[in-house]
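For reference, the structure discussed in these notes is given below.
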Amino acid sequence: METIYGYLEKISYCSEESNFVVAKLKEKGKRELSCIVGNLLGVNPGESLQLTGKWKHNPKFGLQFQVESFEAIIPATTRGIEKYLSSGLIRGIGPVMAKRIVETFGALALDIIEDEPEKLAEVSGIGPKRIEMISQAWVEQKEIKEIMIFLQGNGVAASHAAKIYQCYGQDSVNVVKANPYRLAEDIRGIGFLTADNIARAMGVDPNSILRAKEGIIHVLRQTLLEGHVFYPQQILLQKTADALQIDAELAEQALEQLENEQRIIIEEMSVEGGEEGGYDDFKAVYLKPFFIAESQMAQQLLRLQNADGQVRAVDSDKMLEWVEQKLDINLAELQREAIAMAVREKILIITGGPGTGKTTIINALVRIFKGLKLKITMAAPTGRAAKRMQETTGCDALTVHRLLEFNPREGNFKRNREYPLETDVLIIDELSMIDTMLMYQLLRAVPLQAILILVGDVNQLPSVGPGNVLSDLIGSGRFALVELKEIFRQSRRSRIVSNAHRINEGKLPFIDNPEGRELSDFYFIEEEDPQKVVDKILDLCARRIPDRFFFHPVREVQVLTPMHRGVVGTMNLNVELQKALNPQGFELSRGGRSFRIKDKVMQVVNNYEKDVYNGDIGWISNIDVENQQMVINYDGRWVSYDFTQLDELQLSYATSIHKAQGSEYPAVIMPIMIQHYLLLQRNLVYTGVTRARRLVIIIGSKKALAMAIHNNKTHKRYTRLKERLRSSP
């Protein structure tokens, strides 16, 4: 074993799952930076470290110091102190101010901040407010370090320590000791497994009823991520027993206690598909909020359908003739039928693929309802979908969250049954994206007299969140439905549209690129080597698409891929695309991720306080190390993030097809590889293709593309909305 000293120059890689870090260390007396690797929980660039370990030669990466243990030490040199203060760890001190402080106080700089912060007034640019900010940040950092030391042996990533401190303050250690499972409930990014490791390290009995109960809740939450609203009891108990390595009897006792505590709801049910066409009887286990959401959603839909409302007795033929004149169009038969039904039905569902005229119907309905002096409200699940709706109709459209006026302080929506929306007609687009919980909140706010028009493409991927709302509403047979299938003449010229419909029908797209056509809008590039696929994607984004089609490589080209991991997964592609498309400028490293000004980023969780939501894309416009703030431009709206909130963002030069739902891009590049075989489904490829307006390039294996298109077995989601609607009188 050897011991080395130095200050941390840069973190090259960090796994938040294992805390494995690859970093560069500036050792005293060495000109070249040393590569250090190992479990380095809590370290940040600029810190001085004492490390114990061994030097080993890695065949691929060369000489590395493998860290066995380490200790953060107070920097001793003025250069080390300046580097530490410049790193952004202390709010109020950036690179410029760090240099001034060290020039003023030299090696005593940290002692001054610790013991005599009022002396910082001697530094140019530091006034009373900044002194207070620096002092508070210094105290917080010390307390966060104490939390890190406590958590270090329990596998908690450094990025979570600040969040734990923000949530629990000075009581953090006591809270964690009292019930470590609270971390999984309260802190985003800390799951049950990490909390369980802490609990076991603190002596919690692996066979305790507390652990078994929290394990069941954890497994149920995992099933939500798979799209399920409930889970069959016997499968749930088996999964829990296997995951926690506990007896089935203990799991059953825990389930009974959870039901008595009303944290879960257990419901007897029968579903079609049992032996010889009969029924399977089993118990459905719900987390209580999802039982309430699903059951009350069904009740509210039926109440809305049966209530008196704004339906007008109008002459359909005259109405259709009038709107055709106003819009200067000839409506197709199914479009005429949809418009006529929308005026006489309380609830109408309109579904269809690209180019089938959904937007024309919405435009016509807006004209008609305005002519009838009815108040129209329009919304969509994402900001981009709402903006597109507004551009095509000329009327205001909001996201569903804004429409319902979420109150972040109280954690609820202002609009509800007691304070409903003030509207006569509510039109919701991109319904396939709306999950059970959001649909429940929406229906609570719809006044009973209103007309509800739901528009979406049932063949797209279902919502990221739990449920299968659009499919279940259609499958119930309780509501008026128009299925648009005809592709209109102007859309037939688009290979994107025609190929999307071919894919939906289980047919391979036209992938020949005929010589007679100067430019097509749909291309297939065959390449089976994953690294060569990455190289070609980089070339397409950086050179070929901008040169030939004049699309901006960052703002107008989007790479969509089925997976997160692997050579052609989002994680690797984002690193490579960032190098190719935004290689220069100041870089902020946090948790092994690097952010630069002008990077394209995506919000990956709903943040109601900031009014940004899962899937929203923006661009980094500013990184303020001194005040620990990053500013993102979301289509002209600037949103500020504290550095502790950066795990809500990820690079989005490449994103998953699931995350792209509801968005449209001028150009889409989509790798489809045999390596993606676990996710290769028809609706996945269909959804990816329909995200593009003007150009689609699929790159990969013909075999993989064929596998996906011929696989129409969608992942079963456990929901009971369809059955509730069917069985209601």
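A donor-acceptor distance shorter than 3.5 angstrom exists from the side chain of K346 to the backbone of L448, with no hydrogens or angles considered. One N or O on the side chain of T351 and one on the backbone of G456 form a donor-acceptor pair closer than 3.5 Å. No side-chain donor-acceptor contact under 3.5 Å links S652 to the backbone of T655. D424 places a side-chain N or O within donor-acceptor distance of the main-chain N or O of K375, the cut-off being under 3.5 Å. Checking side-chain atoms of D435 against main-chain N and O of S463 turns up no donor-acceptor pair under 3.5 Å. Distance alone, capped at 3.5 Å, is enough to place a donor-acceptor pair between the Q661 side chain and the L461 backbone.
Interatomic distance, CD of Q441 versus OG1 of T436, reported as 12.0 Å (0.5 Å rounding). We find the CG-CD distance between N614 and E648 to be 10.5 Å, quoted to the nearest 0.5 Å.
Each of V685, L705, T561 was compared with M670 under the side chain to side chain contact (heavy atoms under 4.5 Å, CB included) criterion, and only V685 meets it. The residue from L560, V689, T690 that alone fulfils the side chain to side chain contact (heavy atoms under 4.5 Å, CB included) condition with V668 is L560.
Residues Y440 and R444 are in side-chain contact: their nearest non-hydrogen atoms beyond the backbone lie under 4.5 Å apart. With a 4.5 Å cut-off on side-chain heavy atoms, L426 and L421 count as touching. Between F406 and K414, every side-chain heavy-atom pair lies at or beyond the 4.5 Å cut-off. Using a 4.5 Å cut-off on side-chain heavy atoms (C-beta onward), I339 and L320 make contact. Within the 4.5 Å cutoff, no side-chain heavy atoms of V557 are placed close to those of Y653. Counting heavy atoms from C-beta on, the side chains of I699 and M673 never come closer than 4.5 Å. Using a 4.5 Å heavy-atom cutoff, the side chains of L695 and Y665 are not in contact.
Judged purely by distance below 3.5 Å, without hydrogens or angles, the side chains of T719 and D472 pair a donor atom with an acceptor atom. Remark: the Q603 side chain and the K610 side chain contain no N/O donor-acceptor pair separated by less than 3.5 Å. Side-chain contact of D611 with Y613: a donor-acceptor pair under 3.5 Å is present, judged by distance alone. Residues T393 and N363 have side chains that never bring a donor and an acceptor to within less than 3.5 angstrom of each other.
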Show which side-chain atoms of residues 329-336 pair as donor or acceptor with protein atoms under 3.5 Å away, not counting sequence neighbours.
unit_1 : atom_1 : unit_2 : atom_2 : d
Q335   : OE1    : A332   : N      : 3.0
Q335   : NE2    : G357   : O      : 3.3
R336   : NH1    : E324   : OE2    : 3.2

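The two residues G353 and D457 come nearest to each other via the heavy atoms CA-OD2, 3.5 Å. For the residue pair C541 and P553, the shortest heavy atom distance occurs at O-CB, 3.0 Å. When all heavy atoms of F510 and F522 are compared, the pair lying nearest together is O-CD2, 3.9 Å.
A salt bridge does not link E664 to K387: none of the charged nitrogens lies less than 4.0 Å from a carboxylate oxygen. Looking at E294 and R724, a side-chain N of the basic residue comes within less than 4.0 Å of a carboxylate O on the acidic one, giving a salt bridge.
The environment of CD in E267 is crowded: more than 12 heavy-atom neighbours from other residues, nucleotides or ligands sit within 6.0 Å.
Cation-pi check for R415 over F413 is not met; the charged atom does not lie both under 6.0 angstrom from the ring centroid and within 45 degrees of its normal. Geometric assessment of R694 against the ring of F551 yields a negative cation-pi assignment under the 6.0 Å and 45° thresholds.
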